[in-house]
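A short worksheet on the structure shown next.
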Amino acid sequence: MRTWLRSCFAAVTVSATLVATGLPAAACGEDDKPAVPAARTLGDPGAIKNVKAVGSVPDAAGAISINFLDYGRRDVMVVSGEFGLKVYDLTKNPAAPKLVGQVSLPGLWETEDTEVDQNRKLVFLSRDPRAFGGTTHTGESGIYVVDVSKPEAPAILSYTKVPAGHTTSCVDGCRYLWTGGPAKADDQPADWGGRPIWVTDIRDPRHPKVNPQPIELARNDGKTDYVHDVQVDDDGVAWVSGRGGVRGYWTNGVHRDPVTNKVRRATAHEPVPYAGGGIAETAAPSRFMHNSFHPAGHRIGDGAWRGQDLIYATEENFVDGCAGDGVLTISSLKGSYHGEGWRSTPEQPFRLQSVGTWGVNGQEGSDPASDDCSAHYFDVRGKVLVQSFYAQGTRFLDVSDPTNPRQIAYYRPADASAWAPYWHGKYVYVADNARGVDVLRLTA
């Protein structure tokens, strides 16, 4: 997220009532700096190629994340953002989502990568310390558990304070949540570069239990640093992205721990390392990895290549101009299965081998006047990866050859602020923080 572009506003009163409408509210940046609008070309018409915009949801302005719930014959989309949570029915016309319910939390931040429990019909909203006018220094963070068993009447089951709150992710079949980020609070250790992961037991969603001892420490060449997000692959390995790279963990089952060389049982509280490590600086100079995808299980064919074990990850980074902004990285996990990523130090660093990268700078369809170019969330289906690049819109890449990702389509409205795209059915739903939700169909 480009949080350092967000300005601080006074605290607002939070309500959890169900309403039909709500206005988005801004939140505070990573370092609580004033907002800096992205540069725009006067009269910029935007750009589109091999994509058809089939629908839009402007009443979801302030959107940050999207997920979907299956009710048998009913298909529902949940959208989280600065307004709280909005619930849309896709059943009759997936190109025209119909608002059916809402939990109003004006000023909520940040709810990136909002996850759901399909079985229990629960949504988990992360509260960043910058929500409701707070700051990373002293603001409160935590998790809202929302019951969406009745889409027309979503309701907060519980709110739990957690020492982290930028993102929260399901592990071990959604029995537990791993919550990380953002920058450290004033009362946290001075040598931390950011917040690691706290584990919350949500087997009883009305009474979550937070383990006071954090995990995923010493992730950045031996330094405890900012954990940004967690994605679980189809084999059940939880991949943790943040400053210092991407590392994967087993959270259940019995496995050999490559760090201790002992066989033990993995749990959400004491996971067993699997593979991963730092990303090569030549591929991602900032080494701040935002999110990742590992082809495995039923999704082994999505983005996989010639039998190689790959990890796709986004670097989020912003500098003046576009040339140094964050990119999509593709790395090989070869050589990382014996705990190398957990023994890395500044003196003896371990880095994954880079296979390929792709950035939006100078690509067809880009706005050369905009400096808002960092890569953000992405989704993979087969050999096509779709990714958001903020003001540079949504890009579709052919990754059949990961050494040479190739753009095949793009959708960049003049007012784009694309944060996250999601394949669902025959469409891609884009959470656009300015526009709401765009519904796209790839025509290439």
Side-chain angles (χ1 to χ4, degrees), residues 2 37-56 282-286 290-291 293 302-303 305 310 312-330 354-423 426-435 437-444:
R2 195 172 188 180
R40 294 288 188 185
T41 303
L42 185 63
D44 174 26
I48 183 171
K49 180 179 181 179
N50 292 335
V51 176
K52 182 177 181 179
V54 298
S56 65
T282 53
S286 78
H290 184 273
N291 59 289
F293 168 69
D302 290 348
W305 181 62
L310 303 178
Y312 290 71
T314 289
E315 176 198 29
E316 187 178 38
N317 186 43
F318 298 92
V319 297
D320 291 338
C322 280
D325 277 3
V327 299
L328 168 73
T329 71
I330 308 171
S354 176
V355 171
T357 64
W358 195 89
V360 78
N361 179 50
Q363 297 287 347
E364 179 183 327
S366 297
D367 177 3
S370 174
D371 64 353
D372 196 3
C373 304
S374 178
H376 208 229
Y377 279 101
F378 65 91
D379 197 9
V380 184
R381 175 181 286 181
K383 305 303 180 186
V384 179
L385 181 149
V386 59
Q387 182 155 16
S388 289
F389 286 87
Y390 292 108
Q392 300 294 359
T394 301
R395 307 302 174 114
F396 293 79
L397 308 179
D398 176 351
V399 292
S400 56
D401 178 0
T403 67
N404 183 32
R406 183 173 61 89
Q407 179 173 256
I408 58 174
Y410 48 81
Y411 179 71
R412 181 182 65 79
D415 58 345
S417 183
W419 283 44
Y422 304 84
W423 289 104
K426 62 182 179 181
Y427 299 125
V428 169
Y429 294 80
V430 179
D432 186 298
N433 196 243
R435 297 168 52 83
V437 175
D438 285 319
V439 186
L440 309 179
R441 181 167 58 85
L442 179 65
T443 61

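Only heavy atoms go into these numbers, but all of them, side chains included; no hydrogens, no water, no symmetry mates. Every value quoted in this text rests on a predicted model; they were computed, and no experiment measured them.
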- Check the pair Asp379, Phe293 against side chain to side chain contact (heavy atoms under 4.5 Å, CB included), reporting the backbone distance first and the verdict last. CA-CA 8 Å; Asp379 197 9; Phe293 168 69; over 6 Å; no

- Give the intermediate values and the outcome of ring pair (Phe, Tyr, Trp, His ring centres under 6.0 Å) for residues Trp358 and Phe389. CA-CA 11 Å; Trp358 195 89; Phe389 286 87; 5.6 Å; yes

- Message: Please evaluate residues Ser374 and Phe318 with respect to the criterion side chain to side chain contact (heavy atoms under 4.5 Å, CB included), reporting the C-alpha separation (whole Å), side-chain torsions for both, the decisive distance (0.1 Å), and the verdict.
- Response: CA-CA 6 Å; Ser374 178; Phe318 298 92; 3.4 Å; yes

- Item | Chi angles and distances behind the side chain to side chain contact (heavy atoms under 4.5 Å, CB included) call for Leu442, Val384 | CA-CA 10 Å; Leu442 179 65; Val384 179; 4.3 Å; yes

- Message: Between Tyr312 and Phe378, does the side chain to side chain contact (heavy atoms under 4.5 Å, CB included) criterion hold? Intermediate values first, please.
- Response: CA-CA 9 Å; Tyr312 290 71; Phe378 65 91; 3.8 Å; yes

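Not counting sequence neighbours, Asn317 has no partner by the side chain to side chain donor-acceptor pair (under 3.5 Å) test. For Ser366, the side-chain contact (heavy atoms from CB on, under 4.5 Å) partners two or more places apart in sequence, or in a different chain, are Val360, Gln363, Gln392, Arg395. Residues satisfying the salt bridge (Lys or Arg N to Asp or Glu O under 4.0 Å) criterion with Lys49, sequence neighbours excluded, are Glu364. In terms of the salt bridge (Lys or Arg N to Asp or Glu O under 4.0 Å) criterion, residue partners of Asp398 (sequence neighbours excluded) are, by chain and number, Arg406. Every side-chain contact (heavy atoms from CB on, under 4.5 Å) that Arg381 has, sequence neighbours left out, goes to Trp423. Ala53 pairs by the side-chain contact (heavy atoms from CB on, under 4.5 Å) definition with Tyr411, Leu440, not counting sequence neighbours.
Smallest separation of non-hydrogen atoms from Asp44 and Arg412: OD2-NH1, 2.8 Å. Counting all heavy atoms, side chain and backbone alike, Ala375 lies closest to Gln387 at CB-NE2, 3.3 Å. The two residues Gly365 and Ala47 have their closest heavy-atom pair at O-CB, 3.7 Å. The two residues Ala283 and Thr357 have their closest heavy-atom pair at CB-CG2, 3.8 Å. Taking every heavy atom of both residues into account, Pro45 and Ala414 meet most closely at C-CB, 4.1 Å.
Contact annotation: the side chain of Pro405 approaches that of Ile330 to within less than 4.5 Å [non-hydrogen atoms, C-beta and beyond]. Side chains of Val386 and Tyr422 form no contact here, defined as non-hydrogen atoms less than 4.5 Å apart.
Atoms OG1 and CG, from Thr314 and Asn291 in turn, are 4.5 Å apart once rounded to the nearest 0.5 Å. Taking CG of Asp438 as the reference point, atom OG1 of Thr394 lies at 7.0 Å (rounded to 0.5 Å). Rounding to the nearest 0.5 Å gives a distance of 8.0 Å between OG of Ser388 and CG of Asp432. The structure places CH2 of Trp305 at 7.5 Å from CG of Leu310, a figure rounded to the nearest 0.5 Å. Note that the OG1 atom of Thr443 and the CD1 atom of Ile48 stand 7.5 Å from one another [nearest 0.5 Å]. Rounding to the nearest 0.5 Å gives a distance of 6.5 Å between CG of Asp372 and OG of Ser417.
Of the possible donor and acceptor atoms, one in the side chain of Asp302 sits under 3.5 Å from a partner among the backbone N and O of Gly382. Between the side chain of Asp325 and the backbone N or O of Cys373, at least one donor-acceptor pair lies under 3.5 Å. Without hydrogens or angle criteria, Arg441 side chain to Val51 main chain gives no donor-acceptor distance under 3.5 Å. In this structure, the side chain of Thr329 engages the main chain of Ala313 through a donor-acceptor pair within 3.5 Å.
The aromatic rings of Tyr390 and His376 sit tilted relative to each other, their planes meeting at an angle between 30° and 60°.
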